[in-house]
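First the structure, in the form of structure tokens, and then the observations on it.
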2 protein chains.
Amino acid sequence: MHTMATAHTATPAAAIIARGPQTARPVPAADIAAPTAGSVRSYTKDEEIFSEGDRAAYLYKVVSGVVRTSKLLSDGRRQIDAFHLAGDIFGIETGDEYRFSAEAVGDAVVIAYRRCSLETLAATDTQFAQQFVRGMMRSLERAQEHMLLLGRKTALEKIATFLIDLAERASGDDGAVDLPMSRADIADHLGLTIETVSRSLTQLERDAVIKLPSTRHIVLSDKAALRRLNA
Amino acid sequence: MHTMATAHTATPAAAIIARGPQTARPVPAADIAAPTAGSVRSYTKDEEIFSEGDRAAYLYKVVSGVVRTSKLLSDGRRQIDAFHLAGDIFGIETGDEYRFSAEAVGDAVVIAYRRCSLETLAATDTQFAQQFVRGMMRSLERAQEHMLLLGRKTALEKIATFLIDLAERASGDDGAVDLPMSRADIADHLGLTIETVSRSLTQLERDAVIKLPSTRHIVLSDKAALRRLNA
DNA sequence: CGAATACTTGATAGTCCTCAACTCAAGTGG
DNA sequence: CCACTTGAGTTGAGGACTATCAAGTATTCG
């Protein structure tokens, strides 16, 4: 049962902080999916995983499907800070409470790790600690890239960046993207309205940059043009 | 000379990941300012500390003054992701290169830590490792809060949020803020233009929410109204 | 098949941007 | 000491991009 990595180093903290990805071996998900480490949970479309303000007892890793984390303003305006795909970690908090809500975008499976067991885990499992810190760093990098998008890009540029990013992350980068999320989700992620998202997509189609065989399936016919829009 | 904390725990990684702030003792800056750990550097207004794409050899901590980190689009549009005040850490990277530029907003003093020495540091200095990870988490929280601002708040709300945040961080929260940065910096931080920043400030003054004795000095006369705008 | 939901499209409006002129403060040099 | 210059900030007029409101089409699901 205990399939976790047992390789200890004398300095786990050093391993965590160590230089970029080049020093990191990719860690198969199975390594941290050991039953002793976390529990598997399934959610259906729009089901809540946790809510802003909940006690942050768990930390999650996506196994399959997509999860969105979002914040709300008092009047209901919503900002989706990220979509989490298979392998992504979400629910990282410094404080006691989640500062986000998390919901399944479609059907999704995640692993939940007890937060209080992290101390033990980190002490014995350097790889997990590394994964944790790397996950946080990736979140930070994404967030910073996204601030540039939200603050300074036009609607068309936002859509272009979004499509490229999703194609690289989700698809095999084969020039086609399956959108797991609704227009409303995309809008709330990019700081737009659903109408502007729709209009931008149809304009890209008119300009022969993409094709829209169906609403949730997009073919990136002219990636060069998309990249140009990426500014 | 070697004034660094020498308290070792058996599990530095565990200490890093351990539950929120409640488990952390505040660490005086002096503890990590040991000559062996980092070097002090001074910069003048608008001087570059590092540039997007530079080899990320150092990690910085602000001693005094204010530092801005920003990203540029190809056509010059700029997004300032954060202003770093005394005590803040910036220049954290996973990869080899900085994904930001960093410049002094006014005169500023920082401590530079060699990145390659971090492994050693973390192995021997749990407190520093903790500081590092906490700094990263704080950056992440700020970034996430800022995405909500950039994506979903109006100009007035952006300004209100900015003023409240700056008052809490920089001033003694005494109802007055000294702006260390120009209107252009504020605009590029909030995703606005300098004109809109100016207009929003004068409107807040007309509405008796703030006073503007001089361009860089703001009195928050009606904090309740500001908080209401915070949405 | 009908109802509900998701998405698209159109017309109009509003917020914020752009361009431009102007004020103000600070620094320079005659 | 006073033009002169320069950069920062303010204010105004007009325009553009995106939001809002509204209707229509497509898709999903019971």
Side-chain angles (χ1 to χ4, degrees), chain A residues 44-46 68 73 75-79 105-107 149-163 177-207 210-218 229 231, chain B residues 44-46 68 73 75-79 105-107 149-163 177-207 210-218 229 231:
Chain A
T44 59
K45 184 168 151 61
D46 292 329
R68 64 172 176 258
L73 291 178
D75 63 355
R77 278 173 288 176
R78 183 177 69 154
Q79 177 65 40
V105 169
D107 291 347
L149 177 148
L150 291 171
R152 288 301 180 214
K153 291 190 182 179
T154 66
L156 269 178
E157 291 169 343
K158 286 176 177 180
I159 295 288
T161 303
F162 177 70
L163 291 179
V177 192
D178 277 303
L179 296 180
M181 72 291 284
S182 68
R183 300 291 190 265
D185 282 345
I186 298 174
D188 285 346
H189 183 49
L190 302 180
L192 299 170
T193 59
I194 54 176
E195 292 95 331
T196 301
V197 170
S198 184
R199 273 187 258 270
S200 301
L201 286 172
T202 49
Q203 179 170 346
L204 288 178
E205 191 180 30
R206 267 200 308 275
D207 299 349
I210 63 173
K211 290 193 192 75
L212 291 159
S214 71
T215 55
R216 297 290 184 101
H217 191 249
I218 300 183
L229 276 172
Chain B
T44 60
K45 184 170 151 60
D46 292 328
R68 64 172 176 259
L73 291 178
D75 63 355
R77 280 174 286 175
R78 183 178 68 153
Q79 176 65 41
V105 169
D107 291 347
L149 178 149
L150 291 171
R152 286 301 180 215
K153 291 190 182 179
T154 65
L156 270 179
E157 291 169 342
K158 286 177 177 180
I159 295 287
T161 302
F162 177 71
L163 290 179
V177 192
D178 277 303
L179 297 179
M181 72 291 285
S182 68
R183 299 291 189 265
D185 282 345
I186 298 174
D188 284 346
H189 183 48
L190 302 181
L192 299 170
T193 58
I194 53 176
E195 294 94 331
T196 300
V197 170
S198 185
R199 273 187 257 270
S200 301
L201 286 172
T202 49
Q203 178 171 346
L204 287 178
E205 191 180 30
R206 266 202 307 276
D207 299 350
I210 62 172
K211 290 193 192 75
L212 292 160
S214 73
T215 56
R216 297 290 183 103
H217 192 249
I218 300 184
L229 276 173

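Just so it is clear: chains get the letters A, B, ... in the order the sequence lines come, proteins before strands, and each one is counted from 1.
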Side-chain-base donor-acceptor pair under 3.5 Å for Arg199(B) and dG9(D):
no
I need the NE2-P distance between His217(A) and dC7(C), as an integer number of Å.
15 Å
Main-chain N/O of His189(B) paired with Gln79(B) side-chain donor or acceptor, under 3.5 Å
yes
Whole-Å distance, Leu204(A) CG to dT8(C) P, equals 12 Å
Side-chain atoms of Thr193(B) come closest, of dC17(C), dT20(D), dT10(D), to dC17(C)
Counting side-chain heavy atoms from C-beta on, which of dC17(C), dA22(D), dC7(C) comes nearest to Glu195(A)?
dA22(D)
Among dA19(D), dG9(D), dC7(C), find the nucleotide with the atom closest to the side chain of Ser182(B).
dG9(D)
Whole Å only: how far is the CD atom of Glu157(A) from the C1' atom of dT18(D)?
14 Å
Are any side-chain N or O atoms of Arg152(B) and backbone N or O atoms of Arg78(A), one a donor and one an acceptor, separated by less than 3.5 Å?
yes
Quick check on dA19(D): is either OP1 or OP2 less than 4.0 Å from any side-chain nitrogen or oxygen of Thr196(A)?
yes
Can you measure Ile194(A) atom CD1 to dT27(D) atom P for me and round it to whole angstrom units?
17 Å
Has Arg216(A) got a side-chain N or O lying under 4.0 Å from the OP1 or OP2 atom of dA6(C)?
no
Any salt bridge linking Asp46(A) with Arg68(A)? Criterion: basic side-chain nitrogen under 4.0 Å from a carboxylate oxygen.
yes
Check this one for me: any side-chain N or O of Thr202(A) less than 4.0 Å away from OP1 or OP2 of dT9(C)?
yes
Spacing of Gln203(B) atom CD relative to dT10(D) atom P, expressed in whole Å
14 Å
Whichever of Asp46(A) and Leu156(B) has its nearest DNA chain C nucleotide further upstream toward 5'
Asp46(A)
Should the pair Lys45(B)-Asp107(B) be classified as a salt bridge under the 4.0 Å nitrogen-to-oxygen rule?
no
Across the strands shown, which category fits Leu192(A) at heavy-atom distances under 4.0 angstrom: base, sugar-phosphate, nothing?
sugar-phosphate
What distance do Ser200(B) atom OG and Leu190(B) atom CG have between them, rounded to the nearest 0.5 Å?
9.0 Å
Of the candidates dC16(C), dA19(D), dG9(D), the side chain of Arg183(B) sits closest to dG9(D)
Between Glu205(A) (CD) and dC7(C) (P), how many Å, whole number?
15 Å
Tell me the interatomic distance from Lys45(B), atom NZ, to dG27(C), atom P, rounded to whole angstroms.
12 Å
Check: Thr215(B) and Arg183(B) side chains under 4.5 Å, non-hydrogen atoms
yes
Would you kindly give the CZ-to-C1' distance between Arg206(B) and dG12(D), to the nearest whole Å?
12 Å
Both Arg152(A) and Leu212(A) contact DNA chain C. Which one's nearest nucleotide lies toward the 5' end?
Leu212(A)
What's Ser214(B) touching, base or sugar-phosphate or nothing? Going by heavy atoms closer than 4.0 Å.
nothing
Given that Gly191(A) and Thr215(A) both sit by DNA chain D, which one's nearest nucleotide is further toward the 5' end?
Gly191(A)
